[in-house]
Amino acid sequence: MPIRNDIWTVSANPQALPETRLVSERALEDMIVAAPRILSDEWMLIGRQESTTAGRLDLLALAPDGALILIELKRDRTPREVVAQALDYASWVEVLETSDIAAIYGRFAPGRDLAADFLARFGQPLDEDTLNESHQIVIVATHLDDSSERIVKYLGDKGIPINVLCFQVFAHGEQQLLSRTWLVDPVQTQVSAATPAATRGTREREPWNGEFYACFGHGGSRSWDEGRQYGFISSGGGSWYSNTLNLLSVGDRVWVKVPGQGFVGVGEVTGPRQPITEFTVQTQDGERPALEALTGATYHRESVDDPERMEYFVPVRWMHAVPLAEAVNEIGLFGNQNTVCKPVTPKWRQTVERLKERWGIAPRNQ
């Protein structure tokens with residue numbers, strides 16, 4: 001069924017708000033540029049109406065892991081036209097180099113520096129080695145028909161990281177209200193972009209080895225010392241960071257890396273993702289709420305009332321875990337900014353084999 005929402009007033013006599021339209025989809029594009037969080041509060045806009053070999057790409061954005069998000073407004077085109085155009089743009093985006101992306105940002109924000117603005121936006125440096133390792137396609141529509149939905153879902157099922165963000169406009173007196181709905185859970189698209197079909201065509205791929213990678217952002221927001229002591233990995237500050245924790249199930253093996261430090265542990269998942277308001281840890285005084293026991297970092301306590309931004313935890317039984325001073329940080333080891341992912345590159349297999357050798361970890365079939 002096509003995406004449709006209804007909005008009602010909250011009162012003793014609820015009234016449905018009538019649906020209306022914007023003057024044009026150009027007006028929607030202008031609104032997105034003025035307030036990018038309308039699209040996502042976890043992306044950074046870097047380009048608009050960029051000339052490509054296939055035409056003009058409406059909008060281009062960056063995700064925290066350096067993935068490119070190409071955003072195309074449906075306008076009045078048929079489903080086949082808009083999807084074909086978006087795929088054509090994707091073939092152009094796929095081969096962009098770091099200098100190309102910096103030049104695009106220079107045209108979008110003259111006088112600004114991409115690396116500096118990325119650091120200010122996401123709180124971490126831009127890694128040129130992982131910039132544009134993957135990309136997503138987002139089609140923005142003010143209405144979605146059956147045909148568009150079928151095409152996008154088919155491509156998504158085949159591993160193409162494509163999604164639709166559907167906006168509706170409602171009249172409320174003299175005001176207009178904007179609502180948005182994703183066709184597919186954005187986490188599914190994010191995961192798809194970070195795995196097989198989204199890697200550049202020149203990069204090697206191989207079947208996933210069954211071992212998960214996790215990025216533990218040690219610093220003011222969370223403490224690896226406590227993660228190691230109490231047995232957990234965690235993430236928060238936005239759904240882009242915390243939702244991939246849902247990829248982990250009880251019994252999964254996860255290898256943990258602290259950005260800028262190296263690999264610090266490997267363990268077995270012992271429970272599902274839990275918010276900080278429900279997570280507990282075992283201390284010398286018995287089981288205590290994480291909010292009380294964890295004092296080495298903030299763990300986004302300022303967002304405990306915000307399900308999108310609060311910290312989430314996954315309990316882990318460590319098979320081997322080391323302090324930061326003993327982190328393994330050799331040249332050629334795998335790295336990624338996604339909190340959890342299922343890498344499908346030879347580098348990941350080689351990384352796991354090397355860590356097993358360094359830490360004396362037996363293969364899973366033994």
### Query
How about Arg107: does its CZ atom have over 12 heavy atoms from other parts shown lying under 6.0 Å from it?
yes

### Message
Does any part of the side chain of Arg349, heavy atoms only, come nearer than 4.5 Å to the side chain of Val344, both counted from C-beta?
### Response
no

### Query
Atom CD of Glu353 and atom CZ of Arg358: how far apart are they, to the nearest 0.5 Å?
15.5 Å

### Task
Give a yes-or-no answer on whether the side chains of Gln261 and Asn329 include a donor-acceptor pair shorter than 3.5 Å.
no

### Query
Should Leu178 and Leu73 be regarded as members of a common hydrophobic cluster, given that ILVMFWY residues are connected when their side-chain heavy atoms come within less than 4.5 Å of each other, either directly or indirectly?
yes

### Query
In Å and rounded to the nearest 0.5 Å, what is the CD to CD distance from Gln337 to Gln124?
4.0 Å

### Message
I'd like to know if Val33 and Leu57 are part of one continuous hydrophobic network [Ile/Leu/Val/Met/Phe/Trp/Tyr, side-chain heavy atoms within less than 4.5 Å].
### Response
yes

#### Entry: Separation of Leu165 CG from Ile71 CD1 (nearest 0.5 Å)
9.0 Å

#### Entry: pair Asp65-Asp127: side-chain heavy atoms closer than 4.5 Å
no

### Separation between OG of Ser179 and CG of Asp6, rounded to the nearest 0.5 Å
9.5 Å

### Message
Please check this pair: side chain of Trp240 against backbone of Asn338, looking for a donor-acceptor N/O pair closer than 3.5 Å.
### Response
no

### Query
Phe170 and Leu17: which non-hydrogen atoms are nearest, and at how many Å?
CD2-O, 3.5 Å

### Reported CD1-to-CG distance for the pair Ile162 and Asp157, which is rounded to 0.5 angstrom
12.0 Å

### Task
Would you please test Thr280 and Glu287 for side chain to side chain donor-acceptor pair (under 3.5 Å) and show each step?
CA-CA 6 Å; Thr280 60; Glu287 191 174 47; 2.9 Å; yes

### Query
Can you hop from Val250 to Val314 via hydrophobic side chains spaced under 4.5 Å?
no

### Check: Gln15/Thr9 side-chain N/O donor and acceptor closer than 3.5 Å
no

### Query
How about Val316 and Thr270: do any of their side-chain heavy atoms sit closer than 4.5 Å?
no

#### Entry: Arg121 versus Asp41, closest heavy-atom pair with distance
NH2-O, 2.6 Å

### Message
Surrounding CD of Gln282 (heavy atoms of other residues, nucleotides or ligands, distance under 6.0 Å), is the total greater than 12?
### Response
yes

### Message
Can you confirm whether Gln175 is buried at CD, in the sense that more than 12 heavy atoms of other residues, nucleotides or ligands lie under 6.0 Å from that atom?
### Response
no

### Message
Is it the case that the ring center of Trp318 lies less than 6.0 angstrom away from the ring center of Trp224?
### Response
yes

### Message
For the backbone of Glu97 and the side chain of Asp100, can you confirm whether one donor and one acceptor N or O come within less than 3.5 Å of each other?
### Response
yes

### Query
Is a side-chain donor or acceptor of Tyr312 paired with a backbone partner of Tyr241 at a separation under 3.5 angstrom?
no

### Message
Using the rule given for side-chain contact (heavy atoms from CB on, under 4.5 Å), can you reason through Trp359 versus Val266, listing the C-alpha separation, both sets of side-chain angles and the distance that settles it, and then say yes or no?
### Response
CA-CA 9 Å; Trp359 291 339; Val266 56; 4.0 Å; yes

### Message
Under the criterion side-chain contact (heavy atoms from CB on, under 4.5 Å), I'd like the reasoning laid out for Met31 against Ile38: C-alpha separation, chi angles, the key distance, then a yes or no.
### Response
CA-CA 8 Å; Met31 290 173 61; Ile38 292 175; 4.1 Å; yes

### Task
Report yes or no: do Asn163 and Trp182 form a side-chain donor-acceptor pair below 3.5 Å?
no

### Task
Classify the angle between the aromatic ring planes of Phe279 and Phe313 as parallel (below 30°), tilted (30 to 60°) or perpendicular (above 60°).
parallel

### Query
With a 4.0 Å cut-off, would you call Glu211 and Lys356 a salt bridge?
yes

### Under 3.5 Å: donor-acceptor pair, side chain of Thr339, backbone of Thr244
no

### Donor-acceptor side-chain pairing of Glu311 and Ser234 below 3.5 angstrom
yes

### Summary
Scanning both residues in full, the closest heavy-atom pair of Ser51 with Trp92 reads O-CZ2, 3.8 Å

### Query
With the threshold set at 4.0 Å, does a side-chain nitrogen-carboxylate oxygen contact exist between Glu330 and Arg354?
yes

### Query
More than 12 foreign heavy atoms under 6.0 Å from CZ of Arg301: is that the case here?
yes

### Query
Cation-pi between Arg180 and Phe167: NZ/CZ under 6.0 Å from ring centre and within 45° of the ring axis?
no

### Task
Identify the heavy atoms of His218 and Val258 that sit nearest to each other, and give their distance.
CB-CG1, 3.7 Å

### Query
Ion pair present between Asp252 and Lys342, side-chain N to carboxylate O less than 4.0 angstrom?
no

### Task
Could you tell me whether the side chain of Met44 reaches within less than 4.5 Å of the side chain of Leu114, counting heavy atoms only?
yes

### Query
Should Ile7 and Val169 be regarded as members of a common hydrophobic cluster, given that ILVMFWY residues are connected when their side-chain heavy atoms come within less than 4.5 Å of each other, either directly or indirectly?
no

### Message
So that I can tick it off, tell me whether Glu268 and Arg317 are bridged by a salt bridge, with the cut-off set at under 4.0 angstrom between side-chain N and carboxylate O.
### Response
yes

#### Entry: Side-chain heavy atoms of Asn243 within contact of Arg273, under 4.5 Å
yes

### Query
Asn132 side chain to Val93 main-chain N or O, any donor-acceptor pair under 3.5 Å?
yes

### Task
For Trp255 and Phe212, run ring-ring contact (aromatic ring centres under 6.0 Å, His included): C-alpha distance rounded to whole Å, both residues' side-chain angles, the deciding distance at 0.1 Å, then the answer.
CA-CA 6 Å; Trp255 299 82; Phe212 285 90; over 10 Å; no

### Task
Inspect the contact between Arg26 and Asp30 and indicate whether a charged nitrogen and a carboxylate oxygen are less than 4.0 angstrom apart.
yes

### Message
Closer than 3.5 angstrom, by distance alone: can the side chain of Arg222 be matched with the main-chain N or O of Gly217 as a donor-acceptor pair?
### Response
yes

### Message
side-chain contact (heavy atoms from CB on, under 4.5 Å), that's the test. Do Trp43 and Arg37 meet it? Break it down for me.
### Response
CA-CA 8 Å; Trp43 297 342; Arg37 290 175 185 262; over 6 Å; no

### Message
Pairing donors with acceptors under 3.5 angstrom, does anything connect the side chains of Tyr299 and Glu226?
### Response
yes

### Query
Any donor and acceptor pair, going by atom type alone, linking the side chain of Ser242 with main-chain N or O of Ser235 inside 3.5 Å?
no

### Query
Would you call Glu29-Arg48 a salt bridge at under 4.0 Å N-O?
yes

### Task
Output the distance between atom CG (Leu68) and atom NE2 (His135), rounded to the nearest 0.5 Å.
8.5 Å

### Summary
What one should report as the nearest heavy-atom pair of Pro315 and Pro272 is CD-O, 3.6 Å

### Message
Looking only at side-chain N and O atoms, does Asp117 offer a donor or acceptor that is under 3.5 Å from a partner on Tyr105?
### Response
yes

### Message
Tell me if a side-chain donor or acceptor on Ser303 pairs with a main-chain N or O of Asp306 at a distance below 3.5 Å.
### Response
no

### Query
Considering all heavy atoms of both residues, which atom of Val281 and which atom of Ala293 are nearest to each other, and what is their separation?
CG2-CB, 3.5 Å

### Query
Per the side chain to side chain contact (heavy atoms under 4.5 Å, CB included) rule, which among Ile137, Val164, Asp88, Ile151 passes with Val83?
Ile151

### Task
Take Leu62 and Ile69, measure what side-chain contact (heavy atoms from CB on, under 4.5 Å) needs, and give me the verdict at the end.
CA-CA 6 Å; Leu62 265 180; Ile69 318 293; over 6 Å; no

### Task
Spell out, yes or no, whether Tyr154 and Val152 are grouped together once hydrophobic residues are joined by side-chain heavy atoms under 4.5 Å, including indirect joins.
yes

#### Entry: Under 3.5 Å side-chain donor-acceptor pair for Glu19 and Gln168
yes

